Structures are given as structure tokens and as C-alpha cells.
S.K.: 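One structure, pasted below without further comment.
One is the number of the first residue; the rest follow in order along the sequence. All of these numbers come straight from a predicted model, not from anything done at the bench.
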Amino acid sequence: MSAFSLKRTLRRARVRRGPNGAEIVRLHDDLDGLLSIEESAFLYRTARGKQTIVEIGSYRGKSCVLLAKGEPNATITAIDPHYGQGDRGEVVYDPEDTRRMNDALSRHGVADRVMHIVKESHDARPDWDTMHDGDNPKAIDLLWIDGDHSYEGVAIDLDDWSDLVRVGGIVAGHDYGHLESVRRAWDERIGASDKWGPTQRVRSIAWAERLR
Ligand SMILES: C[S@@+](CC[C@H](N)C(=O)[O-])C[C@H]1O[C@@H](n2cnc3c(N)ncnc32)[C@H](O)[C@@H]1O
């Protein structure tokens with residue numbers, strides 16, 4: 001066995017030994033997406049006890065299913081315009097991602113708890129107020145951001161959505177470990193704010209708890 005596959009086996013075994021480990025590994029292997037095994041475990045286990053979850057960037061539903069399976073009473077609002085590339089390289093809606101996401105949600109029996117908003121996160125933000133009470137928008141227990149990874153994209157998502165997270169709730173974002181654009185936007189808005197606890201890491205995910 002190569003050093004790489006030995007490491008991979010050990011990492012999977014570590015997740016498997018933790019709470020709901022066998023189910024997490026099974027879901028991780030079944031679903032199409034870009035999460036590491038520890039990141040899949042983080043999402044599943046962090047969802048526990050969180051009723052109101054917002055996901056920005058769903059792709060084919062991997063993180064969405066993990067969040068929904070982590071808390072059987074959760075409702076997930078999944079926001080993704082499902083962008084793909086057109087024939088001339090332009091950004092267009094790609095129905096194949098929607099089809100694959102719907103298939104993943106149905107196969108895992110969570111479709112009735114997921115509301116997919118097929119829009120960019122900034123355009124979906126007013127929908128949140130309309131869907132709930134406009135004067136007193138519903139608080140979010142867990143906000144998971146994995147959409148537009150540019151500096152501006154992450155900054156807009158944090159500016160638009162993070163204030164909705166309740167005290168004691170969690171904000172988490174993917175690719176903090178890989179992308180300077182994500183790190184800069186996160187550190188300026190979450191790392192430097194006394195509303196949020198210290199930034200913690202699970203591989204490329206950054207997360208923090210709302211303190212006040
Ligand atoms: C890396 S994928 C998400 C992967 C998914 N979270 C998972 O773990 O399986 C990024 C997704 O973000 C979506 N996206 C890009 N810009 C967005 C935006 N402004 N708002 C919401 N989603 C966006 C893309 O369509 C793409 O499906």
C-alpha cells in the first residue's frame with residue numbers, strides 16, 4: 001500500500017470510529033462532490049440539533065444531504081443558480097446539476113426538508129425575508145457557505161447572511177484553506193469581529209460560533 005492510500009485509509013477509519021461514522025462514510029462515498037472525509041463528517045455532526053440551516057452553493061447535493069442526514073428535524077434552504085459553462089464558455093444555468101441534486105435528495109429521503117432556491121445568494125436574500133416574517137427575519141442555526149469563492153463573492157455572502165445567524169449558531173465556509181480570496185474575506189468579517197468566536201478549522205473548512 002502506498003503512503004498516500006495508507007493515510008487515506010487511516011483518515012477514513014478515524015471518521016468511522018466517531019459518532020455515526022459508518023453512515024457518514026457511506027454517504028461520503030455515495031455522493032458526488034468535493035469534500036474530504038473529515039469535512040463530510042464535520043457537516044453531518046455540526047448539523048445535529050440545528051433546525052434552520054442555510055446552504056449557499058449546493059452543486060449536486062453532497063453537503064446538502066450530509067447536513068439533512070445529520071439532523072432529521074432540520075429544514076435546509078439550499079441556494080444555488082446551478083451555473084455551468086455554455087458552448088461559448090459563458091456562464092449558464094446547467095439543469096444537469098439540478099437533476100443530480102434532486103436525485104441525491106430523493107435517494108437519501110431528504111427531499112421534503114430541502115427547499116432549493118435557484119438563484120445567486122445575493123438575489124435570494126430578499127426571499128428569506130418574504131418566506132418568513134419580513135420585520136423579524138428567521139434566525140439561522142447553521143450557515144454553510146460554498147458558493148462564489150471570489151473575495152467579492154464571499155464578502156457579499158457574509159455581509160448579506162451572517163447577521164441572521166443566532167447567538168450560539170455557527171457559520172462555516174469551504175476553501176478557507178485553499179483560497180486566499182476566501183481567507184481574506186473571512187478574516188476581515190469573522191476573524192476580526194468580536195461577534196464571533198475564534199475561527200476553527202477542519203481541513204479546508206473554517207467555522208466560528210456567534211457569540212453576541
Ligand atoms: C464547490 S460547488 C458546491 C459544492 C457543494 N457544497 C458540495 O459540497 O457538494 C459551488 C457551487 O456554487 C454555486 N454558486 C456559484 N456562485 C453562486 C452564488 N453567487 N450563489 C449561490 N451559489 C453559487 C455553483 O453553481 C456551484 O454549484
S.K.: Checking D159 now: which residues fulfil side chain to side chain contact (heavy atoms under 4.5 Å, CB included) with it, not counting sequence neighbours?
M.R.: R189
S.K.: Could you grab the distance from atom CZ of R99 to atom CG of D94, nearest 0.5 Å is fine?
M.R.: 10.5 Å
S.K.: Can a salt bridge be assigned to the pair D129 and K138 using a cut-off of 4.0 Å between side-chain N and carboxylate O?
M.R.: no
S.K.: For D29, enumerate each residue passing the salt bridge (charged side-chain N to carboxylate O under 4.0 Å, His left out) test, keeping only those at least two apart in sequence or located in another chain.
M.R.: R12
S.K.: Checking one residue: V91. Which other hydrophobic residues are in its cluster under the side-chain 4.5 Å linking rule?
M.R.: Y83
S.K.: Can D103 and R107 be counted as an ion pair, charged N to O under 4.0 angstrom?
M.R.: yes
S.K.: How far apart are the closest heavy atoms of S121 and I56, and which atoms are they?
M.R.: CB-CG2, 3.6 Å
S.K.: Hey, are D32 and R60 close enough for a salt bridge, meaning a charged N less than 4.0 Å from a carboxylate O?
M.R.: yes
S.K.: Please enumerate all residues that pass ring pair (Phe, Tyr, Trp, His ring centres under 6.0 Å) together with H149, with sequence neighbours excluded.
M.R.: none
S.K.: Grab the two heavy atoms, one from S162 and one from R210, that are nearest each other, plus how far apart they are.
M.R.: O-NH1, 3.7 Å
S.K.: At what distance, to the nearest 0.5 angstrom, does CZ of R8 lie from OG of S2?
M.R.: 10.0 Å
S.K.: Using salt bridge (charged side-chain N to carboxylate O under 4.0 Å, His left out) as the criterion, list what pairs up with R16, not counting sequence neighbours.
M.R.: none
S.K.: By side chain to side chain contact (heavy atoms under 4.5 Å, CB included), which residues pair with R183, not counting sequence neighbours?
M.R.: Y176, E180, D187
S.K.: Quick one: CG on D141 to CD1 on I170, what's the gap to the nearest 0.5 Å?
M.R.: 10.0 Å
S.K.: Would W128 and T77 count as a side-chain hydrogen bond (donor to acceptor under 3.5 Å, both in side chains) here? Give the steps.
M.R.: CA-CA 9 Å; W128 186 259; T77 301; over 6 Å; no
S.K.: Is it the case that over 12 heavy atoms from other parts of the model lie below 6.0 angstrom from the CZ atom of R48?
M.R.: yes
S.K.: Hey, any chance I53 and M115 share a hydrophobic cluster, counting ILVMFWY side chains that come within less than 4.5 Å of each other, even indirectly?
M.R.: no
S.K.: Hydrophobic cluster membership, with links at side-chain heavy-atom distances under 4.5 Å among I/L/V/M/F/W/Y: are L67 and V202 in one?
M.R.: yes
S.K.: Please report the interatomic distance CZ(R100) to CG(N102), rounded to the nearest 0.5 Å.
M.R.: 12.0 Å
S.K.: Applying the side chain to side chain contact (heavy atoms under 4.5 Å, CB included) test to D175, which of D146, V154, L34 qualifies?
M.R.: D146
S.K.: Taking only residues two or more places apart in sequence, or in another chain, which ones meet D148 in a side chain to side chain contact (heavy atoms under 4.5 Å, CB included)?
M.R.: S150
S.K.: Given a cutoff of under 4.5 Å between side-chain heavy atoms of I, L, V, M, F, W and Y, with clusters grown through shared members, what are the other residues clustered with Y93?
M.R.: V118
S.K.: Got a sec, which pairs hit ring-ring contact (aromatic ring centres under 6.0 Å, His included) with one end in residues 190-212, sequence neighbours left out?
M.R.: F42-W207
S.K.: Can you name the nearest heavy-atom pair linking I24 to A41, along with the distance?
M.R.: CG2-CA, 3.7 Å
S.K.: Does either side chain, that of Y44 or that of E23, offer a donor lying less than 3.5 Å from an acceptor on the other one?
M.R.: yes
S.K.: Establish whether I156 and L143 are linked, either directly or via other cluster members, by ILVMFWY side-chain heavy-atom contacts under 4.5 Å.
M.R.: no
S.K.: Would you please test E55 and S63 for side-chain hydrogen bond (donor to acceptor under 3.5 Å, both in side chains) and show each step?
M.R.: CA-CA 8 Å; E55 167 176 89; S63 51; 2.6 Å; yes
S.K.: The criterion is ring pair (Phe, Tyr, Trp, His ring centres under 6.0 Å); which residues satisfy it with H174, sequence neighbours excluded?
M.R.: W144
S.K.: In terms of side-chain geometry, is the basic nitrogen of D194 or R212 positioned less than 4.0 Å from the acidic oxygen of its partner?
M.R.: yes
S.K.: Sequence neighbours excluded, which residues qualify as side chain to side chain contact (heavy atoms under 4.5 Å, CB included) partners of T75?
M.R.: none
S.K.: Would you indicate whether the side-chain heavy atoms of L27 and V65 approach each other to under 4.5 Å?
M.R.: yes
S.K.: Is K50 salt-bridged to E71, going by a charged N under 4.0 Å from an acidic O?
M.R.: no
S.K.: Given the rule that I, L, V, M, F, W and Y join up when any side-chain heavy atoms are under 4.5 Å apart, are L35 and I145 in one cluster?
M.R.: no
S.K.: Report the distance from atom CG of L142 to atom CZ of R166, rounding to the nearest 0.5 Å.
M.R.: 9.5 Å
S.K.: Looking at every non-hydrogen atom in both residues, tell me the closest pair between D160 and R125 and how far apart they are.
M.R.: O-NE, 2.9 Å
S.K.: In terms of hydrophobic clusters joined by side-chain contacts under 4.5 Å, are V171 and L179 together?
M.R.: yes
S.K.: Kindly write out the residues that satisfy ring pair (Phe, Tyr, Trp, His ring centres under 6.0 Å) with H122, not counting sequence neighbours, or none if the list is empty.
M.R.: none
S.K.: Examine the side chains of S204 and E39 and answer whether a donor and an acceptor come within less than 3.5 Å of each other.
M.R.: no
S.K.: Which distance, rounded to the nearest 0.5 Å, do you find between the OG of S181 and the CD of E152?
M.R.: 8.5 Å
S.K.: So, for C64 and L105, which heavy atoms are closest and what is the spacing to 0.1 Å?
M.R.: SG-CD2, 4.0 Å
S.K.: Of the non-hydrogen atoms in L158 and A185, which two are nearest, and what is the gap between them?
M.R.: CD1-O, 3.8 Å
